[in-house]
Amino acid sequence: MIKNEIGQLVQAAVRKAQEAGDLPAAAIPDAPIERPQRPEHGDYGTGLAMRMARAAQMNPLEIAKIVARHIEGDSQNGVFAAIEVAPPGFINFRLSRDWLAAQVDAILATGPEFGNISLGAGKKVQVEFVSANPVGPIHVGNGRGLALGDTLARALAAAGFEVEREYFVNDAGTQTDIFAETLYVRYQQLFGREVEIPEGGYPGEYMLDLANALKDELGDSLLRPEGEPKPPEVHDRGVALMLENIRQDLDAIGVQYDNWFSERSVYDDGTYKKTMDLLREHGFVSEREGAVWFVSSSLGEEKDNVLVRSTGAPTYFASDIAYHYDKFVTRAFDRVINIWGADHQGHVPRMKAAVTALGVDPDRLEIIIYQLVTLKRGEEVVRLSKRAGDIVTLRSVVDEVGADAARYNFVTRAADSHMEFDIELAKRQSAENPVYYVQYAHARIAGILAQAAERGLDFEGGDVGLLKEDAELDLVRKMLRLPELIEQIALSNEPHQLPYYATEMATAFHDFYEKCRVLSDDEALSRARLKLVSAAKTVLARSLSLMGMSAPERM
RNA sequence: GCCCCCGUAGCUCAGUUGGAUAGAGCGUCGGCCUCCGAAGCCGGAAGCACAGGUUCGAGUCCUGUCGGGGGCACCA
C-alpha cells in the first residue's frame, strides 16, 4: 500500500535528519498519512511537522522543509511527481502520472482479490451479531445489526483475518419458555380447545403458522390432557421451526452464519460449571439473599449482578459469561466482536468486568453498540413490539425494496447515529437509490466490454502509459483507496465507510465516462482504456460484494 | 437523579481519529442525448443546536445549557 510506504519514508527521513543533526533527537510523534481534501495539496500529506514543533522548539515549516529534503535525498524511482511543503507545515506528496497509470496493470494482475491486505494474517476473529431470541421473526430493527455485522465480517476477511460469523441462540431462558407456552396454546386451539394466550405471551400471526406447522408435522401427538403441562417437544420443535424461519429470512438478505451457538449447550457440555468454578476460584462470587452474585463491584462496577436466582435458575448474565469463556478460552479467538443494540448498552460494563474476572484482557472484547432504529411510516412513528404483535418483519422490507437496497440503507449509517427508517420513503426511493448509482456504473462498464468483444477487441497488449487524462488518473486514485479503506474498517470496526467509497468509485467512473471515450478509432488508446475500465469494474464489484450486494452486468 | 448515544443543507446521512476553502443522495432551480447505457453528466440556491474553554489549528476534544433516543431487574 503506497500510503504505508509513504509513512515509512517520512519516518526514515526524520531519523536521517536527526542523525545528520538537522533536527533535535526526540521521539518521532505518530502522524497519520492523510488524503488531503483538495487536489492541489497532492495525493497524500502529513501534519507531522506541526506535531513535532513544540518538542523540537522549531518552526513547523522549517521542520517540514528539512524532512522533505531528506526524503528527496532518497531514490524514489519516479513514484512521486512532487514532494511539497505547505504552510503551516504540511508535507505533501503528489504521485506521478506514470506510476498511477502503471497501477492499472497491477490491479488487473491482482484481480478480484484486489483490496485484500495482510493486517489480520494468522488471527482469528469472531463477529457475533443479531442473535435475536428465537421467539419471533427477524424485524426491521435487526436489519441494522445484520448489515453492520455481515459487512464488517466481510471487511475483516479482506483484511486477512480468519473470520467466523456467529448467531447466539437464546434457547435456555424464560423468553423461549413463554414462546413455547404460547405455541402450545395455539396448537391446542387448532384442536378446538378453548385456551388463552398467557400474560406476556406472543400474539403475533406467525405463532399460528408455527402451530399449524407443528400440527402438519406431528399431528395430535403433542396433545396432553387438558390442564396438564405441555411436553418438552413443543419447546424444542417450536424453537427449531422458528430458527428455520429466521435462517430463511437471513438468507433472503444474503447473510449466512458459520455457527449457530446454543445457549443451552454451555449447560450441557460443562462450560457453565467450569466458568462458575473459575469465577469462584478468582474470588468474584458471593452468596446472599438466597442468590449467587458476581462481585463486579470489586472491579469498579457500581453494583454486583445476580448469577443464580434464589429459585436456582441461572440468569442470562451467567449464561453469557460461560458463553464468553467459550469464545475466549475454548475457541481462543484473538478478537471477539459483539454487535448489540443500544438497549443492551448497560450490559457492556458488566460483561467487560466478567471477562476480566475470567482472566482475559477486556480489550479483546470489542462491543459495537448501534443506536436503535426509529421506524416511520411517513410522519408517523411505528412502535415495534413482539409482545404486542406489532412487528414489521425484515422480510417484508426486503420483499418490498430488494435485498441490495435494504442492506445499503442499513450499512450506510454509522452505528452511533440514530437512524430513521421510513418505510414509505424506502419504497418510494427504491427506484432511485444510491445502490443503483453504483450498480449502474458496473453495468455500464459491462456494456462497454460486451461491445468491445463484438468488435473483436480486448485489452491485450494495452499500454497503460497512454492513460494521461486527469479523469483517467483520478479513477486510478480512487481504486487505490480500497485497500486503505479495508484497513481503516478493520481497525475501527466502522463498515459504514464502504457505501460512501463505492459511491465515490462510481462517481469517478461516470466522470471518466463523460470525458473519455473508451472505444474509438484509436485502437491503442482503446486497449489501454479497456484495461482501465476492466480494473474499475473489478473494484466496483469488490466494493459491492463487500457489502453483500450484487454487481449486475446489465440492469 | 445517574450513565451511554445523537444534534451538520428542506429531508436522510457522511466528514479520513484535531488539519488546509465542510461533502453525498433525495428534493429544488437551470442546462446537456445524430457518438460506448440519460438509472448518467454540468451548474445554482441552501448547513456545523447554543454559550464558553483547550491550541498553531475545533464539526471533531473539555465544561455548561437546550432538544431527541436508549439504559439504570433475581428480563434478555
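Within every chain, numbering begins at 1; the chains are lettered A, B, ... in the order of the sequence lines, protein sequences first and strands thereafter.
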Discussion item. Under the criterion side chain to side chain contact (heavy atoms under 4.5 Å, CB included), I'd like the reasoning laid out for A:V306 against A:F317: C-alpha separation, chi angles, the key distance, then a yes or no.
Written reply: CA-CA 8 Å; A:V306 172; A:F317 183 46; over 6 Å; no

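- Remark: A:R444 is not positioned above the aromatic ring of A:F509, lacking an NZ or CZ atom under 6.0 angstrom from the ring centre and at most 45 degrees off the axis.
- Between the base of B:G70 and the side chain of A:Q371 there is no donor-acceptor pair shorter than 3.5 Å.
- Across B:A22 and B:C4, the matching P atoms stand 32 Å from one another, rounded to whole Å.
- Checking B:C36, B:C74, B:G40 against every side-chain atom of A:E514, the shortest atom distance belongs to B:G40.
- Here, B:C35 and B:G40 have their C1' atoms 15 Å apart, quoted to the whole Å.
- An OP1 or OP2 oxygen of B:A20 is reached within less than 4.0 angstrom by a side-chain nitrogen or oxygen of A:Q37.
- If you take atom P in B:G10 and the same atom in B:A49, they sit 13 Å apart, rounded to whole Å.
- No donor-acceptor contact under 3.5 Å links the side chain of A:H510 to the base of B:C41.
- Residue A:Y513 has no polar side-chain atom (N or O) positioned under 4.0 Å from OP1 or OP2 of B:C35.
- Rounded to whole Å, the separation between the P atoms of B:A20 and B:G57 comes to 14 Å.
- Look at the P atom in both B:G59 and B:A51: the space between them is 13 Å, to the nearest Å.
- Distance noted for atom P between B:G53 and B:G43: 40 Å (whole Å).
- Rounded to whole Å, the separation between the P atoms of B:U8 and B:U60 comes to 13 Å.
- One can find a donor-acceptor pair under 3.5 Å joining the base of B:C74 and the side-chain atoms of A:S310.
- Checked against the 6.0 Å centroid criterion, the rings of A:F93 and A:Y44 do not qualify as a close aromatic pair.
- Under 3.5 Å, the side chain of A:R35 and the base of B:U16 form no donor-acceptor pair of N or O atoms.
- In this structure, B:C50 shows a glycosidic angle more than 90 degrees from zero, which is the anti conformation.
- A distance of about 14 Å separates the C1' atoms of B:A58 and B:G52, rounded to the whole Å.
- Rounded to a whole Å, the NZ atom of A:K303 is 14 Å from the P atom of B:G71.
- Counting atom types as modelled, A:H418 pairs a side-chain N or O with a base atom of B:G68 as donor and acceptor under 3.5 Å.
- In textbook terms, a nucleotide whose glycosidic angle is within 90° of 0 is syn, and B:U17 is one such case.
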